[in-house]
Amino acid sequence: TGLDALEWAAEAERLGAKVMALTNVVGSSIARTAGDCVMYTYAGPEIAVASTKAYITQVEMMVLLAIDLGVKRGHLTESVASELLRQMADIPALAEQVMALEPAVQRFSSLYHDRQHVFYIGRGLDNALAMEASLKLKEVSYIMSEAYAAGELKHGTIALIEQGTLVCALLTQEHLADKTLSNVREVKSRGAKVLIVCPEALRDRAVKDADELWVIPDAASDLLPLLAIIPVQLFAYYMAVSRGLEPARGSASGLQQGSALHPRRVFDPLDTHFAIELSALAYFFRVLIDGSGIRKGDSEFTSEPPFLI
């Protein structure tokens, strides 16, 4: 954990705030610092600094926390919460389906690896997804990449688009799809090549505006970013490899946890154990669910899942 995060946690406690740590490493500095609550993801060690499975499991954990708090605060019914948890349990199997996109990702990367700039756009949850996707590309391929809220394109950003610019549009939120596709048409009119990542339900609406289309399985809209991040993580990896780089070097951060001797070990979604590691979160489903509803008492997230011992 970075020194800045430790300092923030200490300052928050000094000011009387409650501090919760969300970490992948048992006994880490942040886990020892947070005196109020520690939640472990148990994703296993990352091979390189470009976090993939740790990122996915952290997002899932935050969704679980949001569901738990939503029920306890009366903003979420137990039936809705149970349905969300049921769909989350399907994420590992759906992630394996997303891996079928790997050949298409590799082919596309071989065609566009010489681009000097890559832009990501999205709205709502897809804006956050775009920032993570852009970060991965910068970390391992050293391509100048930025993420923008699609609705802000006209406020200066559109001027950066020129003939041949690669734009990746993330399109997982159906209620925002038409607006994002309108932005896609804007960049295409200025000569951009557009890659769209969308669920099966939006395929027909996206295909006519895409130069390249990667389709992921359908899921609850709030969970789709967990699937959409996988092909763009793969994209960052294959862009780096196509440029003759070793992605395992990662960034210049001091957080490197190890190096990869084999490039396919850099991004853990390529690992055959990906679904097993991700399914460790099923342990927390049992913590949150008691029968058909959410447990009313305080949740406990600190014990080791029995099947990972």
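Residue indices begin at 1 and follow the sequence shown.
Of the inter-residue distances, the one linking Ser82 atom OG with Ile67 atom CD1 reads 9.0 Å to the nearest 0.5 angstrom. With rounding to the nearest 0.5 Å, the separation of CD1 in Ile143 from CG in Leu245 is 8.5 Å. Here the straight-line distance linking atom CG of Leu234 with atom CD1 of Ile229 works out to 10.0 Å at 0.5 Å rounding. Between Glu212 atom CD and Ile196 atom CD1 the span is 10.5 Å, to the nearest 0.5 Å. Expressed to the nearest 0.5 Å, how far OG1 of Thr180 lies from CZ of Arg185 amounts to 10.5 Å. Separating the OG atom in Ser145 from the NZ atom in Lys138 is a distance of 6.0 Å, to the nearest 0.5 Å.
Here the shortest heavy-atom pairing between Tyr112 and Met239 reads O-CE, 3.3 Å. Between Leu171 and Pro199, the shortest heavy-atom contact is O-CD, 3.1 Å. In terms of heavy-atom proximity, Leu223 sits nearest to Met88 at CD1-CG, 3.6 Å. Scanning both residues, Ala81 and Val71, for their nearest heavy atoms gives CB-CG2, 3.6 Å. For the pair Thr33 and Ala9, the tightest heavy-atom approach, listed with the atom from each and the gap, is CG2-CB, 4.0 Å. Between Tyr40 and Met61, the shortest heavy-atom contact is O-CE, 3.3 Å.
At a cut-off of 3.5 Å, with distance as the only test, a side-chain donor of Gln87 or Glu83 sits close to an acceptor on the other residue.
Atom CE of Met62 is surrounded by 12 or fewer heavy atoms from other residues, nucleotides or ligands within 6.0 Å. For Lys154, the NZ atom is loosely surrounded, since the number of other residues' heavy atoms within 6.0 Å does not exceed 12. Within 6.0 Å of atom CD in Glu152, 12 or fewer heavy atoms from other residues, nucleotides or ligands are found, so the atom counts as exposed in its surroundings.
Within the structure, every pair that satisfies the side-chain hydrogen bond (donor to acceptor under 3.5 Å, both in side chains) test and touches residues 115-127, not counting sequence neighbours, is listed here: Arg123-Asn183, Asp126-Thr172. Contacts classified as salt bridge (charged side-chain N to carboxylate O under 4.0 Å, His left out) and involving residues 218-245 (residues at least two apart or in different chains) are not found. Listed by first and then second residue, the ring pair (Phe, Tyr, Trp, His ring centres under 6.0 Å) pairs that reach into residues 18-37 come to none, sequence neighbours excluded. Applying the ring pair (Phe, Tyr, Trp, His ring centres under 6.0 Å) definition to pairs two or more places apart or across chains, none involves residues 7-30. For residues 190-225, every residue pair satisfying the ring pair (Phe, Tyr, Trp, His ring centres under 6.0 Å) rule, not counting sequence neighbours, is listed here: Phe108-Trp214, Trp214-Phe235.
For the pair Arg190 and Glu186, the salt-bridge criterion is not met [side-chain N within less than 4.0 Å of a carboxylate O].
Residues Gln173 and Pro225 have side chains in contact (heavy-atom distance under 4.5 Å, counting atoms from C-beta outward).
In this structure, the ring pair (Phe, Tyr, Trp, His ring centres under 6.0 Å) partners of Tyr148, at least two apart in sequence or on a different chain, are Phe119.
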